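In this text the structure is predicted, and so the values were computed from the model without any measurement. Numbers restart at 1 for each chain; the letters A, B, ... are given by sequence-line order, proteins then strands.
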Amino acid sequence: MEDIKGSDGLGDTELRLGLPGTSTATRSAKRALPEGDEESHDELRRTSAAKAQVVGWPPIRSYRKNSFPARKVEAEAEAAAGLYVKVSMDGVPYLRKIDLSVYKGYKELREGLNNMFECFSLGELSRREGGSGSEYAITYEDKDGDLMLVGDVPWEMFISSCKRLRIMKGSEARGLESRQH
Amino acid sequence: MREERSDMSEDEDGGGGVEQKERWGPSHGGGGGGCGSAKSRGGVWTDPPPPFSDQVLENVLENVLQFLVCRRDRNAASLVCRSWYRAEAQTRGELFIGNCYAVSPRRATDRFRRVRSVVLKGKPRFADFSLVPLGWGAHFSPWASAMATAYPWLERICLKRMSIADYDLSLLAFSFPFFKDLTLICCDGFGTLGLAVIAEKCRHLRVLDLIEAYLEEEEEDEVVDWVSKFPQTTTSLETLGFDCVVSTVNFEALEALVARSPALRQLRVNHHVTVDQLFRLMVRAPQLTHLGTGSFGHPAALALQGDVMEHDADLVSAFAASKSIVSLSGFRDVASQYLPAIYPVCANLTTLNCSFAEITADELKPVIHHCHNLQKFWVLDTVRDEGLQAVAATCKDLRELRVFPLNATEDSEGFVSDVGLAAISQGCRRLRSILYFCQQMTNKAVITMSKNCQELVVFRLCIMGRHLPDHLTKEPMDEGFGAIVMNCKKLTRLAVSGLLTDKAFGYIGKYGKSIRTLSVAFAGDSDVGLRYVLEGCPKLQKLEIRDSPFGDPALLSGIHQYYNMRFLWMNSCKLSIRGCNDVAQRLPRLIVEVIRDRPEADDETVEKLYMYRSLAGPRNDAPPFVMIL
């Protein structure tokens, strides 16, 4: 586990609640917004906030959250254009492209990928919990260029940060999975 | 929205409940001297029956104590002496358990033998925000089993944040022949099958009220038609609330049920019920006092058919005929053309919950203009400051306001601001409770509210962007919250947000002498902040903190307080195993749960801590990701 953090910089993107890394928490805790016009403040807030969304904040019950369709302006714009990302699978000569915005959640995504790569895979694409007999794991490359296991973050957050998908083979996948457990 | 009682508002209750009886200090001697009976050690009352004169006294006492309803009074009475303890235990009709793990079901049912009504709360509130992993606990089953044998005359159960299985509901239905009231708030684990059993077997059912329950996901063919299961004869139903049930209900069965339920006063339907269906229900039940309107719109297809105009007129007449309506909610897919239909009842409304309706200020104004008697108002921020100004202008008797965000994300555009808050404080001087989500706030507005609204009991301000300062002065929000605790002498519940330094906590510790519930997020600079609170707030019962830089020293500074509290929750702070162990060792009756649902960076860090006093010892149903120190 030690080599995951540290030198290759993956520590910063390690999933945890709260702002990434306690050191950065203190830095942002006293973020004094520079004097300037409103727009740059909003932009500063938006970029840093969008980068580090946390679970359960703002404190709204999911009962209420689920009652409204997702409404972010950016999401709508992207949805109109389609959220196409490349999908590669280890051992497969060519890549595919899928539109993430047509899926409602991880379950549909897995099903969609299963269908797409049916002829190549020897078994069902593994679930995050590490199902037995699983050959593959679904991973993705996020905005920072890091390789992440699919399924950790809320769906909305995932589709806004996913740049491409990669279906990883057995042994490599297990290395990634064991990091999560 | 319910009356205070079944709302299970945290603001009413004091500390205690069953736990209050026992001594929490390190030396727990016997409770009180006896009235002539043999002394016994500890809290175990196993002496021979009292002499005759004492028996008479107890009988008299029981007759008097029947009238004592408030549980705090009852707790006090039970501490007088052994005789009073017994009499009180025999006459307590409602059992309130604020934390289902604070006492074992067996112990509670052994002490209180004649209970008719049980209120039971489970998970900590932060479970609502996905911070408590699935499977953590708060299972109703052991309580259901214990009560099934101990309380055959049980009439009422109210559960909050408990995990309930269909089997448990079935057990209730078969065990309690006189069962009348079932209220489930933010519960999960059951489905339509459980509801069906209740409907079918509880022949005296008066209340079936589901408030923000999370029913199990069911496939089409798994959904049970529970509404059809009610007795076919006249029912005694008074309240039926199922607005949170996601599956469709059999409308014909519902309509027939309403028609044969003359005592029905409160009906809250889910969003599948269209406005024309609602009309039909209202015609059947003009005696309703509380109405949850479901979608208050209709599928787009119908609108094209041109039937719409007719419905408008019908709907208005239905409302005009419903002279008793004092509470309206629902409006899930409201078509704004239908809003004017509610005008006939507006003047009588004390409660209006349109917090699922995306209405604008212009759509709100004509409605709110009529609502002179409104006391509770829940709304979406889409009405903007302008809408709130209209509320302030009309609703002079407003007691409770909740403004929810349409976009519950940090970087969303806020639709309401300090302007709305200040307006409300100017117009609604009798305000007692406020929950306000915004992106922009100023100290000035908060200070204004602290001065104008002296009746405030609950002040919950959520500035959604983290660490945001006063948007005009760029200063921390310390002064605003400081003014609230300083000026609002009746304040018992506070939730803070925005950029806050230790100074804010200094104010809370210094002035917040009545505070019982405190919620903190992304605030403070150092351990000192938490110390101020733990050392300064003697009435503190519930403390929930997230993402704030408080560590072990701060945790340890509260040792004197934890037995007086219901719980402490901390996540993503700076706690370590060592500090938590320290607390656990010093306070043997405190259950210290470290929740590890994600692999920690190191084994020392404590990501999530949940601590609570308990007579029951460490629970035996803890899942693998919970470590009890």
Taking A/Arg64 for its side chain and B/Ala408 for its backbone only, find out whether a donor-acceptor pair lies under 3.5 Å.
-> no
Do A/Lys65 and B/Thr409 have side-chain heavy atoms sitting under 4.5 Å apart?
-> no
Are any of the side-chain heavy atoms of A/Trp57 and B/Asp547 separated by less than 4.5 Å?
-> no
A/Lys107, NZ atom: more than 12 neighbouring heavy atoms under 6.0 Å = no
Heavy atoms only, distances under 4.5 angstrom: which of B/Pro405, B/Cys186, B/Ser130, B/Ser355 has the most pairs with chain A? Name it, please.
-> B/Ser355
Tell me, for B/Phe404 versus chain A, whether the close heavy atoms (under 4.5 Å) come from the side chain, the backbone, both or neither.
-> side chain
Go through the atoms of B/Phe356 and report whether side chain, backbone, both or neither lie under 4.5 Å from a heavy atom of chain A.
-> both
Is there a side-chain contact between A/Pro59 and B/Asp128, using heavy atoms and a 4.5 Å cut-off?
-> no
So, the side chain of B/Tyr214 versus the backbone of A/Tyr63: is there a donor-acceptor pair under 3.5 Å, distance only?
-> yes
Which atom pair, heavy atoms only, marks the closest approach of B/Glu410 to A/Val54?
-> OE2-N, 4.3 Å
Between atom OG of A/Ser62 and atom CZ of B/Phe129, what is the distance when rounded to the nearest 0.5 Å?
-> 9.5 Å
Is it the side chain or the backbone of B/Leu435 that comes within 4.5 Å of chain A heavy atoms, both, or neither?
-> neither
Contact leader toward chain A among B/Ala495, B/Ser548, B/Cys244, B/Ser497, where contacts are heavy-atom pairs under 4.5 Å | B/Cys244
Which atoms form the tightest heavy-atom contact between B/Cys462 and A/Pro58, and what is the distance?
-> SG-CB, 4.4 Å
Nearest non-hydrogen partners of B/Phe437 and A/Ile60, listed with the distance | CZ-CD1, 3.5 Å
